[in-house]
There are 2 protein chains.
Amino acid sequence: MEAVSLLQHQVEQQLRAEGDLSYVQFQLLARLATSHGRMTMTQLADGVVYSRSGLTYQAGLLEEAGLITRGRSPDDDRATLVTVTDKGRALFDRVLPGHVQVTRRMLFDPLADDELERLGDIMSRVRDHMRAQPPRSAARGNRGLGPAARAKAAPRE
Amino acid sequence: MEAVSLLQHQVEQQLRAEGDLSYVQFQLLARLATSHGRMTMTQLADGVVYSRSGLTYQAGLLEEAGLITRGRSPDDDRATLVTVTDKGRALFDRVLPGHVQVTRRMLFDPLADDELERLGDIMSRVRDHMRAQPPRSAARGNRGLGPAARAKAAPRE
DNA sequence: TATTGTTATACTCTATAACTATA
DNA sequence: TATAGTTATAGAGTATAACAATA
């Protein structure tokens with residue numbers, strides 16, 4: 001966990017310094033820039049964010065910054081389709097090399113090839129296992145964000 | 001990173017539900033409960049927190065909750081010695097089993113013994129490597145919290 | 001001069017609940 | 001009745017800068 005914390009911190013520093021992005025924002029941008037077309041908010045949220053309102057907030061920031069666009073879906077009038085703008089793509093492209101560099105320097109460099117491969121295998125399996133875990137509290141009004149979101153627990157007080 | 005995110009989220013849920021603790025607070029408590037005597041704020045911060053004020057804030061919460069005590073160090077009048085109270089130890093003991101259970105269920109269960117061992121080896125080495133990395137911006141007024149803290153970058157604006 | 005720690009402050013982010021609108 | 005998304009709001013947490021006190 002300490003290694004992860006150090007990595008996350010460094011990654012966030014780089015993203016903030018070179019693109020004024022949080023890691024969550026970078027992930028959202030990466031999803032959109034990597035995918036072909038548009039995505040709904042729900043699709044976009046999956047695995048990145050644990051509440052709907054959290055995504056709305058982040059999407060609001062990204063839209064305000066001109067990195068994404070939101071519009072009604074023609075298929076489903078309830079859904080919002082999110083698209084990366086050229087500016088968004090440009091920012092992603094501008095930030096990505098530094099991100100790769102940090103990741104490499106911090107995580108990949110000290111590992112031998114077979115170790116890195118093994119790490120990937122292990123963590124992929126762990127991820128799949130976690131996604132398949134039944135949520136602890138399957139509270140109502142809290143569905144539609146995938147397994148990760150559904151794992152959200154009861155209110156604090 | 002997704003696996004880590006899912007794990008962290010579940011761990012935080014458990015700690016919040018069973019002990020009303022954040023993960024940072026749990027880590028601080030764990031350090032103190034595990035160590036024999038008292039620790040200075042600086043020692044306590046190492047590897048857990050990235051700013052002095054952040055630790056002061058968290059220590060304030062823990063003290064207010066009666067989980068720790070802060071007092072002047074006899075050796076160094078600048079330093080603050082932090083001690084776990086009985087209540088703090090009790091809370092840690094109460095929360096720990098659930099923490100172990102979550103960790104086991106989410107992370108350990110899907111792995112074979114040798115895989116878990118390998119994961120430990122790999123991540124330990126990664127951690128050591130990261131700790132040894134030279135900070136990107138060795139800004140002044142930002143020392144004394146160990147390598148992790150020193151990695152802190154320039155102000156945002 | 002450097003280090004330890006605190007405080008004031010500003011800001012980011014997250015989450016719950018309530019709500020609108022569509023399927 | 002369920003789902004998609006937004007809004008209002010409250011609260012937790014973090015970090016910078018300025019500061020006081022000691023080494």
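Within every chain, numbering begins at 1; the chains are lettered A, B, ... in the order of the sequence lines, protein sequences first and strands thereafter.
- Taking only side-chain nitrogens and oxygens, R52(B) never comes nearer than 4.0 Å to OP1 or OP2 of dT6(C).
- In this structure, S22(A) reaches the sugar-phosphate backbone alone: every heavy-atom distance under 4.0 Å involves primed, P, OP1 or OP2 atoms, never a base.
- Of the charged side-chain nitrogens involved, none lies within less than 4.0 Å of a carboxylate oxygen, so that D93(A) and R89(A) do not count as a salt-bridged pair.
- Side-chain atoms of K87(A) never come within 3.5 Å of backbone atoms of I68(A) as a donor-acceptor pair (strictly under, hydrogens ignored).
- The distance between atom CG of L44(A) and atom C1' of dA4(D), rounded to the nearest whole Å, is 13 Å.
- The separation between L62(B) atom CG and dG5(C) atom C1' is 16 Å, rounded to whole Å.
- Both R72(A) and Y57(A) sit near DNA chain C, but only Y57(A) has its closest nucleotide nearer the 5' end.
- As a whole-Å value, the separation of L55(B) CG from dG13(D) P is 13 Å.
- The nearest whole Å value for the distance from the CZ atom in R70(B) to the C1' atom in dT4(C) is 13 Å.
- Using a 4.0 Å heavy-atom cutoff across all strands shown, L61(A) reaches sugar-phosphate atoms only and no base atom.
- The base of dT16(D) sits within donor-acceptor range of the side chain of S53(B), with an N or O pair under 3.5 Å.
- Counting any heavy atom pair closer than 4.0 Å across all strands shown, E12(B) reaches no nucleic acid atom.
- The base of dA4(D) does not come close enough to the side chain of T80(A) for any donor and acceptor atom to sit less than 3.5 Å apart.
- Q43(A) CD: more than 12 foreign heavy atoms inside a 6.0 Å radius.
- Heavy-atom distances to DNA chain D give each of T56(A) and R78(A) a nearest nucleotide, and the one nearer the 5′ end belongs to R78(A).
- Ring pair H99(A)/F26(A) is tilted by interplanar angle, where 30° to 60° counts as tilted.
- Although no hydrogens or angles enter the test, the distance criterion places a donor-acceptor pair under 3.5 Å between the side chain of Q14(A) and the main chain of V95(A).
- Within the structure, every side-chain polar atom (N or O) of Q25(A) is placed at least 4.0 Å from both OP1 and OP2 of dT12(C).
- Phosphate contact (OP1/OP2 of dT14(C), side-chain N/O of Q58(A), threshold under 4.0 Å): present.
- Nucleic acid contact class of Q43(B) (heavy atoms, under 4.0 Å, all strands): none.
- Rounded to whole Å, atom C1' of dA12(D) lies 14 Å from atom CD of Q13(B).
- Listed nucleotides dG5(D), dC13(C), dG13(D) differ in distance to M41(A); the shortest reach to its side chain belongs to dG5(D).
- Comparing A79(B) and D75(A) against DNA chain C, the residue whose closest nucleotide sits nearer the 5' end is A79(B).
- The nearest whole Å value for the distance from the CG atom in D77(A) to the P atom in dA21(C) is 13 Å.
- Summarising the geometry, the separation between CG on L28(A) and C1' on dG5(D) is reported as 15 Å, rounded to the nearest angstrom.
- Side chain to side chain, R70(A) and T80(A) fail the donor-acceptor criterion of an N or O pair below 3.5 Å.
- Contact check, R16(B) against dG13(D): a side-chain N or O comes under 4.0 Å of OP1 or OP2.
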